[in-house]
There are 2 protein chains.
Amino acid sequence: MQLTILTFMERKKFNSSPCSIARSLDVLGDWWNPLILRECLYGNNRFDELQEWLGISRNILTRRLKELVENGLLEKSAYQNKPARYEYHLTEKGYDACTVLLALMQFGEHWYFNEGEHPIELRDKKTGDLVQPTIVDANTGKPITSKNLIPCPGPGFKAPQAILKRRFREYYENFS
Amino acid sequence: MQLTILTFMERKKFNSSPCSIARSLDVLGDWWNPLILRECLYGNNRFDELQEWLGISRNILTRRLKELVENGLLEKSAYQNKPARYEYHLTEKGYDACTVLLALMQFGEHWYFNEGEHPIELRDKKTGDLVQPTIVDANTGKPITSKNLIPCPGPGFKAPQAILKRRFREYYENFS
DNA sequence: CCCCATAAGTTCTATTATGGAACTTATAGG
DNA sequence: CCTATAAGTTCCATAATAGAACTTATGGGG
C-alpha cells in the first residue's frame, strides 16, 4: 500500500526575499510579462492586439494580464460599455518597470545584432530626439561595468554577523 | 477512431525575433537564470553553493547552467582534477547581462523596500565607493523616464512600409 | 428577425517544465 | 572498509504552457 505524501509544488516565489532583484523577478522574471509591457509601450493596449502581436496563447495572456494588474504594473479600464471592452495601460510602476526593458534592449543590441543594424530605436516623445539608454553611476556619471562591482549589505539587511560574512564574503575580505 | 494530430508545443523561443528585448529574454526571461548570474557576481561559483543559496532543484540547476554556458554567459572550468570539480564564471557577455540585474535591483528597491532600507548596496571593487546605478541618456546625461519614450524603427528593421506603419503607429502619427 | 462579425475571455487536452527527493560516481581521508 | 564531499542523474507527481475550439454580449446588414 502506498501512502500519499502531501507535497507542495508551485513555482518558487521570491516575494519575501531580502533581495531587490529576486523581488522584481516575481513579476518580471518571465518570458511574457516583459513583452506585454513592451507592447503597452508601443501603444498596443487591447487583448486581441496583444495576442496578435505576441503570438501568445489566449489563456496565458488572460492570466498574465491579471497578474500584471494585481502587481500594479498595468491598469485595466473600459474604453466602452455595451458591450464592455477594456484596455490595459501602464501605471507609474509599470513605466518604471520598463527601464528593465531598456537594459534588456541594450544587452540584446550589443550581443545579437551587428553595429548599426539594430531593429529598434527610441526617441523622445516631445522632441523626437534619439535617446540612448546607458547605465551610469548617479554619483560620478560614469558608465558602470558590473565586473568592477562588489555587493555589500545595505541598511535593510538584518542578519547576524556570521551570515553577513558568509553572504558578502568578498566584501568583508577586502574592506574590513 | 481518433486520429492523432501532430502538434508542436515547446516554450516559445524568440531567437529570430527582430527585437533586442525578445532576443535577450531567451536567456534572461526566466526566474532562475538572473539569480544564478547574481550568485556568480557574489562569488558563489560552484554547483552546491548555487544550489544552497538559491534553493533551486538540482536537476533544474544542471539544465540552467548548461543553458547559460551554451549561451555564452558563463564559462565552465575545472578547479581541480581527480576528482574533476568545476566552477562557473561570468564571461564578458555574462557581466554585460548583469546590467539587467542592476535595472531589476533599482526597480525592486524603489517599489518593494522603504527608502533607506534596501538590503543590498554596490561598491566599486577597487575604491570601495558606493555605486548607484541609474539609466540615463548617453547623449544628454539626463535620467530616462520610459513614459517619455516612443519606439521607432532602427536601421536594421527590414519590412514593407505598411508593416512599419502598423508597428510604429504612434511614431508615424507624430513624426512624419 | 436572422446571420454574421467583433472583442474579450473560457474551457479543453496534450505536452513540457518544475520541485523534491533519492540515487550515482569518483576520490580522499581515517 | 567506512564515511564524506562535489557534482550531477534519475524518478515521480504536480504545475504551467500552447493550441484550438467554444462562450457571451452586442451591433449591423439584408
Side-chain angles (χ1 to χ4, degrees), chain A residues 2-14 22 25-27 29-36 39-40 44-70 74-89, chain B residues 2-14 22 25-27 29-36 39-40 44-70 74-89:
Chain A
Q2 167 82 42
L3 285 182
T4 323
I5 294 170
L6 247 187
T7 55
F8 306 89
M9 214 201 46
E10 49 176 32
R11 178 189 144 190
K12 279 249 161 87
K13 288 278 176 188
F14 304 109
L25 287 171
D26 264 345
V27 62
D30 168 76
W31 318 284
W32 290 124
N33 287 3
L35 290 174
I36 291 172
E39 287 309 313
C40 290
N44 301 128
N45 304 88
R46 301 183 182 176
F47 192 92
D48 279 18
E49 284 178 326
L50 291 167
Q51 199 279 319
E52 200 192 334
W53 281 112
L54 295 175
I56 184 176
S57 211
R58 304 177 76 80
N59 53 356
I60 306 299
L61 179 55
T62 300
R63 200 183 316 167
R64 285 294 144 69
L65 286 173
K66 201 176 157 205
E67 198 179 315
L68 287 165
V69 169
E70 282 170 357
L74 292 181
E75 201 168 26
K76 181 178 182 174
S77 58
Y79 65 89
Q80 76 168 40
N81 306 321
K82 295 175 176 280
R85 290 296 135 83
Y86 304 98
E87 283 183 335
Y88 297 87
H89 284 279
Chain B
Q2 168 81 40
L3 283 183
T4 323
I5 295 170
L6 246 185
T7 56
F8 305 90
M9 216 201 44
E10 51 176 30
R11 177 187 145 192
K12 278 251 160 87
K13 288 279 178 188
F14 304 108
L25 287 171
D26 264 344
V27 63
D30 169 76
W31 318 282
W32 290 124
N33 287 4
L35 290 173
I36 291 172
E39 287 310 312
C40 290
N44 302 127
N45 306 87
R46 300 181 184 178
F47 193 92
D48 279 17
E49 286 177 325
L50 291 167
Q51 198 280 319
E52 201 192 333
W53 282 112
L54 295 176
I56 184 177
S57 210
R58 303 177 78 81
N59 53 356
I60 306 297
L61 179 54
T62 301
R63 201 184 313 168
R64 285 294 143 70
L65 285 172
K66 201 175 159 207
E67 200 180 313
L68 286 164
V69 168
E70 283 171 354
L74 292 181
E75 201 167 26
K76 182 178 183 174
S77 57
Y79 66 89
Q80 76 169 43
N81 307 321
K82 295 177 176 278
R85 291 294 135 85
Y86 304 97
E87 284 181 335
Y88 297 88
H89 285 277

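Values below: all heavy atoms of this structure, side chains included; hydrogens, waters and symmetry mates excluded. Quick note on labels: first sequence line is chain A, next is B, and so on, each numbered from 1.
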*State which residues pass side-chain contact (heavy atoms from CB on, under 4.5 Å) with A:Asn33; sequence neighbours excluded, sorted by chain then number.*
A:Val27, A:Asp30, A:Ile36, A:Arg64, A:Glu67, A:Leu68
_Considering all heavy atoms, the nearest A:Cys40-A:Tyr88 contact_ = SG-O, 3.7 Å
Take the protein atom [atom1] of [X] and the nucleotide atom [atom2] of [N], then report the distance between them rounded to whole Å.
| X | N | atom1 | atom2 | value |
| --- | --- | --- | --- | --- |
| B:Gln51 | C:dA21 | CD | C1' | 11 Å |
| A:Gln80 | D:dT26 | CD | P | 11 Å |
| A:Ile56 | D:dG19 | CD1 | C1' | 13 Å |
| B:Lys82 | C:dT25 | NZ | C1' | 15 Å |
| A:Ile60 | C:dT15 | CD1 | P | 17 Å |
| B:Trp32 | D:dA16 | CH2 | P | 14 Å |
| A:Asp30 | D:dA15 | CG | P | 18 Å |
| A:Leu61 | C:dT10 | CG | P | 11 Å |

*How about A:Glu49: does its CD atom have over 12 heavy atoms from other parts shown lying under 6.0 Å from it?*
yes
*asked:* Determine whether a donor-acceptor pair (N or O, by modelled atom type, separation under 3.5 Å) exists between the side chain of A:Gln51 and the backbone of A:Ile56.
replied: yes
_Counting only side-chain nitrogens and oxygens, does A:Trp31 get under 4.0 Å of the OP1 or OP2 atom of D:dA16?_
no
_Residue of the set B:Ile60, B:Asn44, B:Leu35 for which side-chain contact (heavy atoms from CB on, under 4.5 Å) holds with B:Leu54_ = B:Leu35
For nucleotides 1-11 of chain D, list the nitrogen or oxygen atoms of the protein found under 3.5 Å from its nitrogen or oxygen atoms, one pair per line.
{"unit_1": "D:dA6", "atom_1": "O4'", "unit_2": "B:Arg85", "atom_2": "NH1", "d": "2.6"}
{"unit_1": "D:dA6", "atom_1": "O3'", "unit_2": "B:Tyr79", "atom_2": "OH", "d": "3.2"}
{"unit_1": "D:dA6", "atom_1": "N3", "unit_2": "B:Arg85", "atom_2": "NH2", "d": "2.9"}
{"unit_1": "D:dA7", "atom_1": "OP1", "unit_2": "B:Tyr79", "atom_2": "OH", "d": "3.2"}
{"unit_1": "D:dA7", "atom_1": "OP1", "unit_2": "B:Tyr86", "atom_2": "N", "d": "3.4"}
{"unit_1": "D:dA7", "atom_1": "OP1", "unit_2": "B:Tyr86", "atom_2": "O", "d": "2.9"}
{"unit_1": "D:dA7", "atom_1": "N7", "unit_2": "B:Arg58", "atom_2": "NH2", "d": "3.1"}
{"unit_1": "D:dG8", "atom_1": "OP1", "unit_2": "B:Lys76", "atom_2": "NZ", "d": "3.0"}
{"unit_1": "D:dG8", "atom_1": "OP2", "unit_2": "B:Tyr88", "atom_2": "OH", "d": "2.8"}
{"unit_1": "D:dG8", "atom_1": "N7", "unit_2": "B:Arg58", "atom_2": "NE", "d": "3.0"}
{"unit_1": "D:dG8", "atom_1": "N7", "unit_2": "B:Arg58", "atom_2": "NH2", "d": "3.1"}
{"unit_1": "D:dG8", "atom_1": "O6", "unit_2": "B:Arg58", "atom_2": "NE", "d": "3.3"}
{"unit_1": "D:dC11", "atom_1": "N4", "unit_2": "B:Asn59", "atom_2": "ND2", "d": "3.2"}

_NE2-CZ distance between A:His89 and A:Arg46, expressed to the nearest 0.5 angstrom_ = 7.5 Å
